[in-house]
Amino acid sequence: MRGGTVTRLPGRLLKRGFFEASPEQVAPRLLGKVLARVTAGGVLVGRIVETEAYLGPHCLPPDPAAHSYRGPTPRNSVLFGPAGHAYVYAIYGRYFCMNISCEVEGQAGCVLLRALEPVAGADEMAVNRGLGSGAASRQTTPATKTYRWGPRKVTSGPSRLCQALGLTRAAHDGLDLLDAKSALQVRDDGYAVDEVLVTPRIGINKMNEAVNWPLRFALAGHPCVSGAKNLTGKRIHLR
DNA sequence: AGGCCGATCCTCT
DNA sequence: GAGGATCGGCCTA
């Protein structure tokens with residue numbers, strides 16, 4: 001079953017060391033792990049099915065697409081702190097995106113969460129998205145390939161997943177994701193990942209070399225990966 | 001099914 | 001003062 005109300009957190013917390021590494025390493029390894037938000041009424045859980053790596057300014061060459069590219073600012077300060085913390089920022093005046101800080105304290109670098117698969121609390125997620133309760137389990141229309149409903153409409157996209165889990169900068173930026181008392185946690189429930197799709201990042205369009213860097217990772221063939229296109233790339237197996 | 005466009009406001013220069 | 005790590009609606013077909 002999927003989407004029912006749950007109060008128990010699945011699996012176990014990840015270790016700090018998991019995130020004290022290059023985002024390029026962390027991003028693919030994060031696939032299959034779960035993001036859990038503890039609310040007053042229960043727990044919203046989504047499996048991470050799509051990520052992107054953003055490299056810190058200490059890297060050579062540095063990553064011009066990263067928010068940390070020009071060094072610490074009030075907004076991105078979490079990125080320069082310890083690993084395993086949430087960096088939530090507002091974009092286009094209406095949306096939020098969520099990242100997880102990587103590297104040791106003092107170095108920036110992060111992983112952007114681009115898509116989840118609802119695991120628990122799917123109905124509440126659908127309501128948070130402004131869709132009807134039950135939208136996550138409602139069938140889509142395969143004939144036209146247009147996803148009017150279904151889990152894809154609920155948590156597929158970096159700002160959609162924030163809306164689904166009710167994540168905001170005010171409430172969640174800077175939270176430690178590896179603390180059992182935290183309202184937002186990343187956990188491992190033993191889900192085994194097979195094939196990983198690797199492509200360039202989405203929305204990085206400026207004329208620089210970083211446009212083509214293969215830093216987007218997704219569970220190959222998973223229906224909740226964002227975008228109907230952008231699915232071409234090499235496929236790898238994690239070692 | 002794919003492309004374009006506007007919304008909307010915060011952040012940094 | 002410019003420009004977003006986006007989204008959804010509307011257009012063409």
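The sequence lines fix the lettering, A, B, ..., with proteins before strands; numbering per chain opens at 1. Atom set for the values below is all heavy atoms of this structure, side chains included, hydrogens, waters and symmetry mates excluded.
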Roughly how far, to the nearest 0.5 Å, is the CG atom of A:Asn128 from the CG atom of A:Leu165?
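If I round to the nearest 0.5 Å, the distance is 8.0 Å.
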
If I take atom CG from residue A:Asp173 and atom NE2 from residue A:His85, how far apart are they, to the nearest 0.5 angstrom?
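So the gap between those two atoms works out to 11.0 Å.
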
Considering only heavy atoms of chain A and a distance under 4.0 Å, specify the first and last nucleotide of DNA chain C in 5' to 3' order that meet this criterion.
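Nucleotide range in contact with chain A: C:dG4 to C:dG8.
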
Checking side chain to side chain contact (heavy atoms under 4.5 Å, CB included) between A:Cys110 and each of A:Val26, A:Asn76, A:Asn99, A:Leu55, which is the one that passes?
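With A:Cys110 as partner, A:Val26, A:Asn76, A:Asn99, A:Leu55 yield a single side chain to side chain contact (heavy atoms under 4.5 Å, CB included), made by A:Asn99.
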
What does [X] touch in the nucleic acid at a heavy-atom separation under 4.0 angstrom: a base, only the sugar-phosphate, or nothing?
X        : answer
A:Ala65  : base
A:Arg216 : nothing
A:Arg201 : nothing

List the steps, then state whether side-chain contact (heavy atoms from CB on, under 4.5 Å) holds for A:Thr51 with A:Leu113.
CA-CA 5 Å; A:Thr51 58; A:Leu113 303 187; 4.2 Å; yes

Protein-nucleotide distance ([X], atom [atom1]; [N], atom [atom2]), rounded to Å:
X       : N      : atom1 : atom2 : value
A:Phe96 : B:dC9  : CZ    : C1'   : 11 Å
A:Tyr95 : B:dA7  : OH    : C1'   : 8 Å
A:His67 : B:dC10 : NE2   : C1'   : 11 Å
A:Arg94 : B:dC9  : CZ    : C1'   : 11 Å

Between A:Tyr92 and A:Arg169, name the one whose nearest nucleotide on DNA chain B is closer to the 5' end.
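That would be A:Tyr92.
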
Return yes if some donor-acceptor pair links the side-chain N/O of [X] with the main-chain N/O of [Y] below 3.5 Å, else return no.
X        : Y        : answer
A:Ser101 : A:Gly84  : yes
A:Arg216 : A:Leu197 : no
A:Thr168 : A:Ala171 : yes

Taking a hydrophobic cluster as the set of Ile, Leu, Val, Met, Phe, Trp and Tyr residues connected by side-chain heavy atoms closer than 4.5 Å, whether directly or through intermediates, do A:Val78 and A:Leu177 fall within one such cluster?
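In one cluster: no.
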
Nucleotide pairing, DNA chain C (Watson-Crick or G-U, distances under 3.5 Å), in dot-bracket with [ ] and |:
||||.|||||||.

Is it true that A:Asp188 and A:Arg29 have a side-chain N and a carboxylate O under 4.0 angstrom from each other?
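Salt bridge between A:Asp188 and A:Arg29, a charged N being under 4.0 Å from a carboxylate O: no.
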
